[in-house]
J.: 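Structure in structure tokens, see below.
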Amino acid sequence: MIKTVKFGGSSLASAEQFKKAADIVKSDPDRRFVVVSAPGKRSADDIKVTDMLYDCYKKAARGLDFNEDFKKIEARFEEIITGLNLELSLKSEFENIKDAFAHRAGSDFAASRGEYLNGLIFAAFLGFEFIDPATCIFFNENGVFDMKATDEALKPLLKNAQNAVIPGFYGAMPNFTIKTFSRGGSDVTGSIAARASESDVYENWTDVSGFLAADPRIVKNPEPIAEITYKELRELSYMGATVLHEDAIFPVRTAGIPINIKNTNKPSDCGTMIVPETTNPPKMIITGIAGKKGFSVINIEKDMMNSEIGFGRNVLRSLEKSGLSFEHMPSGIDTMSVIVNSEAFKPKQSQILEEICHRCNPDYIYVEDNLALIAVVGRGMKSVRGTAGRIFSALAHARVNIKMIDQGSSELSIIIGVNNEDFENSVRAIYEMFTL
Ligand code: ASP
């Protein structure tokens with residue numbers, strides 16, 4: 001059995017946390033490949049090393065003195081090395097990084113150094129080999145992750161290593177400059193390493209015992225989710241369940257490797273098992289509820305729209321031209337609504353509306369803002385009567401007006417649009433309907 005384990009920033013924020021993570025690795029010889037984040041927050045008001053690096057580099061890029069800021073970053077790593085009683089000096093590494101900052105090596109390079117240095121420390125502490133992702137995780141010219149080139153480079157490295165530590169979050173562009181994934185991207189590296197090492201499981205160690213059926217800031221003590229399929233999780237994480245980076249699913253999914261979310265501070269908790277498929281019935285009909293505020297709806301009306309061939313394509317081409325993706329597109333016979341993320345849409349609104357008018361000549365077009373979307377997700381709803389009915393009656397009792405409904409034929413999720421102000425109430429009402 002081979003396991004790839006990834007430790008998040010809070011699991012490696014201090015020497016004490018490092019020791020817990022090392023105990024976890026050492027307690028199971030199958031845990032051969034270890035992916036690390038940069039040191040995260042030691043307490044609620046602490047600053048993540050990645051954020052310190054971004055800020056420090058901003059100064060360097062403007063030609064300002066960044067020595068004081070850099071010293072604070074050095075201190076974070078020194079504190080860990082001292083706390084672990086390690087014979088390791090990062091002095092020359094610090095000098096090289098400072099030099100690269102002064103020569104404007106780029107903010108991706110800067111941010112990646114948190115993972116790089118933490119990887120060096122953890123490799124030394126565990127006595128594992130260190131593999132620098134700059135040599136084996138690749139992006140293409142457009143900055144898109146290149147799975148084929150990565151597999152080719154990383155697979156032989158992992159095959160030849162008994163154990164290794166791999167920093168998360170970054171890789172290299174074809175011209176060898178450093179590029180990072182988006183924030184939280186060490187989860188993606190973990191998934192890539194699990195795939196390349198042909199691991200049997202990808203353990204993702206964090207500071208919570210897995211996914212909960214709803215956001216605990218909205219619902220009191222929501223049920224933990226013991227098992228969830230990739231597809232269900234994709235729906236939930238896209239809509240705001242944030243334990244795992246949403247792109248972390250793809251590399252392991254195609255390889256059929258399950259992900260186990262575990263808690264470094266409570267290692268005996270089972271956590272959440274994310275699996276390709278399962279025949280186990282879910283505990284409740286719904287697996288989880290997630291949602292987000294901040295969507296806008298472009299409403300388009302035109303008589304005889306239903307018979308106008310190419311109408312939908314022309315609407316979507318107008319969005320495509322402005323580089324905007326859409327979330328949902330519920331439609332009636334002579335009406336079509338396109339739901340988009342407000343933040344991305346607003347700066348391009350007038351351009352897009354003009355384009356739609358030009359291409360489609362609608363009778364009426366208007367925009368509504370302040371829409372929140374809620375995804376009620378569960379493999380258990382397939383072919384079960386009454387799920388939608390229960391959701392709607394829960395919302396009716398909570399006096400919430402439903403603005404939009406969307407259910408795909410996979411019957412895996414029901415998406416509901418409500419006003420931003422009704423968001424929290426709606427989530428609570430739906431959750432209670434399925435749990436009480
Ligand atoms: N350190 C990076 C961040 O804070 C990546 C990660 O931790 O996954 O976003």
Side-chain angles (χ1 to χ4, degrees), residues 4-14 17-18 20-21 33-58 69-70 72-74 76-77 80 90 93 97 101 105-123 130-134 137 139 143 145 150 165-172 178-195 202-208 210-211 233 237 240-252 259-265 274:
T4 293
V5 296
K6 179 257 168 181
F7 290 96
S10 57
S11 304
L12 297 171
S14 63
Q17 291 298 88
F18 258 76
K20 288 186 197 167
F33 303 110
V34 181
V35 173
V36 297
S37 280
K41 294 183 180 191
R42 291 160 295 186
S43 58
D45 52 4
D46 200 8
I47 306 173
K48 287 181 172 192
V49 164
T50 309
D51 291 316
M52 296 167 85
L53 285 160
Y54 277 123
D55 285 346
C56 180
Y57 183 73
K58 257 189 219 151
D69 299 63
F70 200 85
K72 288 187 191 145
I73 297 167
E74 286 182 15
R76 288 289 308 262
F77 291 104
I80 295 171
L90 293 180
E93 297 289 349
I97 296 170
F101 273 35
S107 67
D108 277 21
F109 169 82
S112 75
R113 295 305 88 183
E115 271 69 12
Y116 172 76
L117 295 168
N118 233 19
L120 288 176
I121 299 176
F122 208 26
F130 174 82
I131 294 180
D132 188 346
I137 292 188
F139 296 85
F145 169 62
T150 300
V165 171
I166 309 150
F169 193 35
Y170 71 95
I178 296 289
K179 161 133 186 80
T180 63
F181 292 102
S182 56
R183 293 301 304 266
S186 298
D187 284 343
V188 185
T189 313
S191 181
I192 293 166
R195 176 195 165 87
Y202 166 26
E203 290 180 349
N204 187 295
W205 291 83
T206 177
D207 53 5
V208 289
F211 282 88
L233 181 66
S237 44
T242 53
V243 179
L244 188 74
H245 191 294
E246 53 175 295
D247 294 341
I249 296 173
F250 297 112
V252 280
I259 307 174
N260 192 187
I261 308 286
K262 297 273 288 174
N263 189 344
T264 304
N265 303 318
I274 307 162

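When a ligand or atom number is given, it counts from 1 through the structure's own listing order. These numbers were taken from a predicted model, which means no experiment stands behind them.
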J.: Could you check whether any side-chain heavy atom of V49 comes within less than 4.5 Å of a side-chain heavy atom of N118, counting everything from C-beta outward?
T.: no
J.: May I ask which of S186, A248, A38 has a heavy atom nearer to atom 8 (O) of ligand 1 than the others do?
T.: S186
J.: Looking at ligand 1, does E115 have a heavy atom less than 4.0 Å from it?
T.: yes
J.: Is there a side chain to side chain donor-acceptor pair (under 3.5 Å) between Y170 and D132 once you walk through the steps?
T.: CA-CA 9 Å; Y170 71 95; D132 188 346; 2.7 Å; yes
J.: Measure up the F122 and F7 rings against each other and bin them: parallel (under 30°), tilted (30 to 60°), perpendicular (over 60°).
T.: perpendicular
J.: Could you establish whether G185 and ligand 1 come within less than 4.0 Å of each other, counting only heavy atoms on the residue side?
T.: yes
J.: Determine whether the aromatic ring centres of F33 and Y202 lie less than 6.0 Å apart.
T.: no
J.: So is G114 close enough to ligand 1, meaning a heavy atom under 4.0 angstrom away?
T.: no
J.: Just how far is it from atom CD of E115 to atom CG of L120, taken to the nearest 0.5 Å?
T.: 12.0 Å
J.: Is it the case that ligand 1 has an N or O less than 3.5 angstrom from some N or O of T50?
T.: yes
J.: Is a salt bridge present between R76 and D46, judged by a nitrogen-to-oxygen distance below 4.0 Å?
T.: yes
J.: Just to be sure I read this right, does ligand 1 sit under 4.0 Å from the backbone of K48, its side chain, both, or neither, counting only heavy atoms?
T.: side chain
J.: Once rounded to the nearest 0.5 Å, what's the spacing between atom CD1 of I97 and atom CD1 of I73?
T.: 9.0 Å
J.: Considering only protein heavy atoms, which is closest to atom 7 (O) of ligand 1, and at what distance to one decimal place?
T.: S37 OG, 3.0 Å
J.: If I apply the N/O under 3.5 Å rule, does G9 come out as touching ligand 1?
T.: no
J.: Number the atoms of ligand 1 from 1 as they appear, then name those within less than 4.0 Å of a heavy atom of R183, with their elements.
T.: 3 (C), 4 (O), 9 (O)
